[in-house]
Amino acid sequence: MGQVEEHEDAAREQFDAVVVGAGFAGMYMLHRLRLLGLSARVYEAGDGVGGTWFWNRYPGARCDIPSMEYSYQFSDELQQEWEWSERYATQPEILKYANHVADRFNLWPDMQFNTRVMAAEYQASPGTWLVTLAHEGTTERVEARFVVMATGCLSVPNMPSIEGLDKFAGALYHTGTWPREGVDLTSKRVGVIGTGSSAIQSIPLMAAQATSVEVFQRTPNYSVPAHNAPLDPDYVADIKSRYSEYRAENWQRGFGADFRDSERSAFDVTDAERTAEYEDRWARGGLAFLAAFADLPFDDAANATAQAFIREKIAGRVDDPDLAAKLTPSTPVGCKRLCVDTDYYETFNEPHVSLVDLNETPITRVTATAIETADHTHEVDVIVLATGFDAMTGAVSKIDVRGPQGTLNDKWAQGPRAYLGLATAGFPNLFLVTGPGSPSVLSNMLPSIEQHVEWIADCIGYMEQHQLSSIEADLEAEDNWIAHVNEVADTSIYPKCNSWYLGANVEGKSRVFMPYLGVPPYLEKCADVVARGYDGFTLSN
Ligand code: FAD
Ligand code: NAP
């Protein structure tokens with residue numbers, strides 16, 4: 001393997017399960033596997049726990065699901081004792097929480113860091129996975145009966161292929177791999193490429209430090225204000241007094257989060273009532289804006305009312321009308337993930353912040369000192385790539401997964417195929433957490449992660465109890481599920497934009513709608529599959 005030295009241990013380590021990734025999914029998976037009395041090892045490429053919150057340390061990084069909901073619920077003691085400080089927790093606070101969980105549940109001894117899983121090959125006899133690890137310049141193999149990919153939906157940075165980017169002599173950062181020690185942008189001229197959630201969170205803070213910030217925008221995004229604030233102790237006490245009921249209520253909501261979902265259509269009300277509803281949600285802030293009316297994600301005309309409202313707000317927040325127009329999307333609200341900001345649009349009123357509309361003047365190349373567009377050379381000291389991720393499939397595809405009939409990358413060449421986002425036909429005893437076809441990124445992800453992990457753990461527990469050694473998704477069940485995922489998506493606005501939900505942000509990636517829209521029906525389906533003796537799976541010994 002090139003310069004990598006290979007050690008083939010005579011006595012190869014064996015586990016019941018190997019878990020790839022030490023984000024919230026991998027950590028909880030380990031905890032549940034241990035509760036089953038199984039041996040498990042988590043391998044993590046980074047040198048700490050937290051996944052997303054370990055890597056994304058850019059200024060302003062924080063969750064946009066309220067902290068009281070963006071947290072584990074499997075342990076009532078944990079959710080009672082942990083104190084979030086703000087409505088939307090910052091990256092450092094979420095990372096501290098992840099470390100607290102690892103301490104509290106003593107996860108450290110079974111996690112190995114700085115170790116990348118390179119390959120997983122199924123051995124028909126004895127029916128185990130041979131897992132290849134790269135660690136400090138060496139490779140090693142371990143064996144496991146089960147492999148769980150807890151590799152994250154947004155964990156592989158999308159690096160744009162811009163000519164000359166590798167020749168840039170200044171500092172180059174991607175928001176998704178921001179340096180741990182932070183970056184001092186004082187006296188720096190900064191060019192930011194991208195205007196998604198990461199850019200929208202970080203641009204106001206970068207502008208507060210830098211000499212100049214030029215934002216290179218390919219597609220504008222809708223953003224609603226966060227109105228972040230310290231948490232009100234009365235609100236916290238109220239939620240904590242009924243935490244499990246609150247969580248149970250949220251499982252019944254479309255996105256699995258408390259967006260105060262309305263059951264009304266945008267046309268059940270008068271124009272004045274509709275505007276009042278939007279104003280109320282705008283004033284309270286956050287993603288709940290999208291749940292103002294039940295048909296916003298499904299009906300073009302209903303959605304158009306929300307678009308019009310936000311467009312007017314952007315016009316009110318940006319002084320220069322031409323600039324406001326450039327910052328205003330023309331797409332349905334929500335078909336690209338809605339952003340949540342603090343002073344994003346207002347930042348463009350500052351004299352040292354400017355927008356470069358790449359539709360008018362595309363980037364032609366990057367030189368040692370500048371980003372060149374069709375009509376201008378933009379001299380910069382720092383380039384920030386806020387260009388997102390190879391979402392949902394990126395991390396799994398980087399692992400050479402070989403099942404009895406071939407590789408996963410061959411199987412997924414025309415787009416990912418998985419049953420319930422939990423398993424994929426042809427790959428026995430391999431589980432995915434929040435894989436393609438699960439609600440994952442169209443939900444509050446932490447509860448979704450817990451639900452997936454619990455489903456997988458219960459399934460393995462069932463197999464242990466019934467002395468079953470193999471489980472594999474059936475192709476027909478998988479095909480039917482994918483057809484259903486698409487059928488539901490096609491009733492919605494989601495396929496109408498070039499979003500990362502469709503893989504449209506990565507050059508050459510197949511255009512397939514990946515997440516499943518609807519937490520409650522998904523939960524019902526998962527429970528039904530179990531009730532029918534793992535319907536759609538083949539179990540054997
Ligand atoms: P991750 O946290 O991505 O962890 C996966 C881990 O696997 C990573 O540490 C990675 O290094 C490791 N890994 C991957 N491949 C390998 C390999 N081959 N070998 C070894 N290790 C590997 N969701 C919400 O619901 N609400 C939010 O407000 C929210 N905010 C977000 C903000 C940002 C900036 C980003 C990027 C995402 C956000 N998300 C949010 C989504 C977030 O990814 C999930 O909420 C959650 O943290 C995912 O946890 P995970 O464990 O599944 O994956
Ligand atoms: P993103 O939403 O995919 O945004 C990437 C941006 O980069 C887009 O504006 C994209 O333009 C642009 N881009 C990509 N390649 C480009 C190129 N070659 N040239 C010019 N522009 C290019 O990524 P993200 O902002 O990192 O967010 C990803 C997801 O992570 C979010 O949707 C969300 O789920 C999560 N997240 C959440 C929060 C939060 O608030 N809690 C914060 C950050 C991230 P196009 O739109 O034209 O492709």
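Note that ligands are numbered from 1 as they come in the structure, with each ligand's atoms numbered from 1 the same way.
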So, regarding [X] and ligand 1 (criterion: nitrogen or oxygen to nitrogen or oxygen, under 3.5 Å), is there a contact or not?
| X | answer |
| --- | --- |
| G46 | no |
| R337 | no |
| F24 | yes |
| I449 | no |
| M445 | yes |

Inset, instruction - Classify the ring geometry between Y522 and Y516 as parallel (under 30°), tilted (30 to 60°) or perpendicular (over 60°). - result: tilted
Option with minimal heavy-atom separation from [atom], where the choices are [options]:
| atom | options | value |
| --- | --- | --- |
| atom 18 (N) of ligand 1 | V117, T177, V156 | V117 |
| atom 27 (C) of ligand 1 | T115, D64, V20 | D64 |
| atom 19 (N) of ligand 2 | R218, E507, K336, Q91 | R218 |

Inset, instruction - Say whether A150 and ligand 1 are in contact under the criterion: heavy-atom distance to a ligand atom below 4.0 Å. - result: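 A150: in contact with ligand 1 (<4.0 Å).
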Legend entry - Expected output: side-chain H174 to main-chain G388 donor-acceptor under 3.5 Å: yes
Legend entry - Atom indices of ligand 2, in the order listed, that fall short of 4.0 Å to a heavy atom of C63: 41 (N)
Inset, instruction - Quick one: look at A504 and ligand 2, take heavy-atom pairs under 4.0 Å, and tell me if it's side chain, backbone, both or neither. - result: neither
